[in-house]
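One structure below.
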Amino acid sequence: MKNFVFVFTWIGICFLMFPVCGGACSCAWRGPFLVAAKDAPLIIHGRIIRHHPGKSPTMSVLVLETLKGGMLDSGMVVQMGDGMQCRPSMEGFPPGSEWILALNGSGSKPGDGLALSHCGEYWLRVEKGEVVGSIDGTQSQVKRMPLDELKRKIRYPRFHTTFKGSVSQGKRFQRPFGEMFVFVLEPMPGGWEIVIKEHGRDENLARLTPPFHFVPNPRHIEGWHLLEGPSKNSECDPRERNAPGELREFIFSPEVGKKINYPMEAQEVEEIQRFGRGALTIKKFKLQTAADGCPVIEWMQFSVSLEGGY
């Protein structure tokens with residue numbers, strides 16, 4: 001009986017002092033926005049239109065921009081805290097204010113709708129072109145960041161991936177990576193071209209990898225590059241043309257074809273390199289001689305390393 005009274009008393013105190021404690025919600029803080037929001041399927045930039053108080057409070061939000069995921073409408077209703085869910089109180093989101101909201105993240109218990117969790121920093125205030133809140137620091141560390149910079153970090157988060165593959169003459173190889181990109185070996189006469197594409201675009205984001213003149217570009221993999229001795233055709237002699245070998249390093253960025261085009265300044269090459277770097281290493285291969293005396297690659301095995309993001 002004493003134990004029952006103690007438990008009942010503690011639950012009463014808990015709900016009076018801490019509306020989301022006890023059995024109603026028990027979740028650890030999952031980190032600042034750029035950490036916690038990774039598990040949210042939908043991230044939007046929105047303006048709060050009105051509050052709907054009651055037993056199950058909600059707020060209407062006008063979607064100004066979708067930063068992650070997809071939507072069919074510009075309006076939404078977001079479930080907020082009612083003392084029985086792991087959600088913040090809507091009083092902290094006044095009508096007319098603008099926010100970056102990461103919805104249906106861990107702990108939000110959305111059911112069939114959309115909800116905002118408080119088990120991490122799943123929201124940032126938007127003020128005068130900046131976002132304010134726990135962006136990438138501790139729970140109590142308030143920072144500011146330009147809104148455009150945050151958008152880039154959401155769309156192109158950091159990545160580092162490695163894989164192995166093989167490809168035969170005339171065949172195409174592709175492998176997705178980094179949420180938004182695809183690595184492609186595109187067939188070309190005698191070998192392949194290294195291509196990096198972003199979903200929804202045809203641009204080769206690696207096409208501005210130097211050098212651009214006098215010697216073969218490392219993105220182009222041709223049979224004569226891999227010859228150890230002279231070819232029957234003097235035009236295919238790698239010793240005369242300083243051909244690249246088994247290691248092919250390249251750079252890429254989603255800004256290629258948008259903000260950055262050829263010819264480039266040195267700082268633009270550095271900007272591409274800061275975003276994305278890759279390396280393909282040819283492990284094994286077999287050459288065969290074409291009618292013109294130049295070799296073509298019958299097949300090759302390779303490994304790839306890719307890293308970058310904002």
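Residues: numbered from 1 along the sequence shown.
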List, one per line, each side-chain donor-acceptor pair under 3.5 Å for residues 251-258, sequence neighbours excluded.
| residue | atom | partner | partner atom | Å |
| --- | --- | --- | --- | --- |
| S253 | OG | E255 | N | 3.1 |

Qualifying residue, where the test is side-chain hydrogen bond (donor to acceptor under 3.5 Å, both in side chains) with S60 and the options are R47, H52, H51: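 So, applying the side-chain hydrogen bond (donor to acceptor under 3.5 Å, both in side chains) to S60 and each of R47, H52, H51, only H52 qualifies.
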With distance as the sole test, does [X] use its side chain to make a donor-acceptor pair with the main-chain N or O of [Y] at under 3.5 Å?
X: K68; Y: A40; answer: yes
X: S117; Y: S106; answer: yes
X: R152; Y: Y310; answer: no
X: R144; Y: V132; answer: no
X: E149; Y: P146; answer: no
X: R87; Y: K109; answer: yes

Kindly compute the distance separating CD (E186) from CH2 (W192), expressed to the nearest 0.5 Å. 12.0 Å
Is it the case that the side chains of N261 and R207 hold a donor-acceptor pair, with the cut-off being a distance below 3.5 Å and no angle test? yes
D39 versus Y122, side-chain donor and acceptor atoms under 3.5 Å: yes
Does a sphere of radius 6.0 Å around CD in E265 hold more than 12 heavy atoms from other residues, nucleotides or ligands, not counting ones at 6.0 Å or beyond? no
Between W123 and F93, is the gap from one ring center to the other below 6.0 Å? yes
Partner set under ring-ring contact (aromatic ring centres under 6.0 Å, His included) for Y156, not counting sequence neighbours: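 Listed in chain order: F181, F275.
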With side chain to side chain contact (heavy atoms under 4.5 Å, CB included) as the test, would you mind laying out the steps for N204 and V184 before giving the verdict? CA-CA 10 Å; N204 181 1; V184 182; over 6 Å; no
If you measure SG to SG, does C27 sit under 2.5 Å from C119?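 Cystine link detected, SG atoms below the 2.5 Å cut.
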Ring pair (Phe, Tyr, Trp, His ring centres under 6.0 Å) between F177 and F163, intermediate numbers included: CA-CA 10 Å; F177 70 95; F163 58 86; 7.7 Å; no
When you check the gap from the basic side-chain N to the acidic O, do R155 and E198 get nearer than 4.0 Å?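 Yes, charged N to carboxylate O under 4.0 Å.
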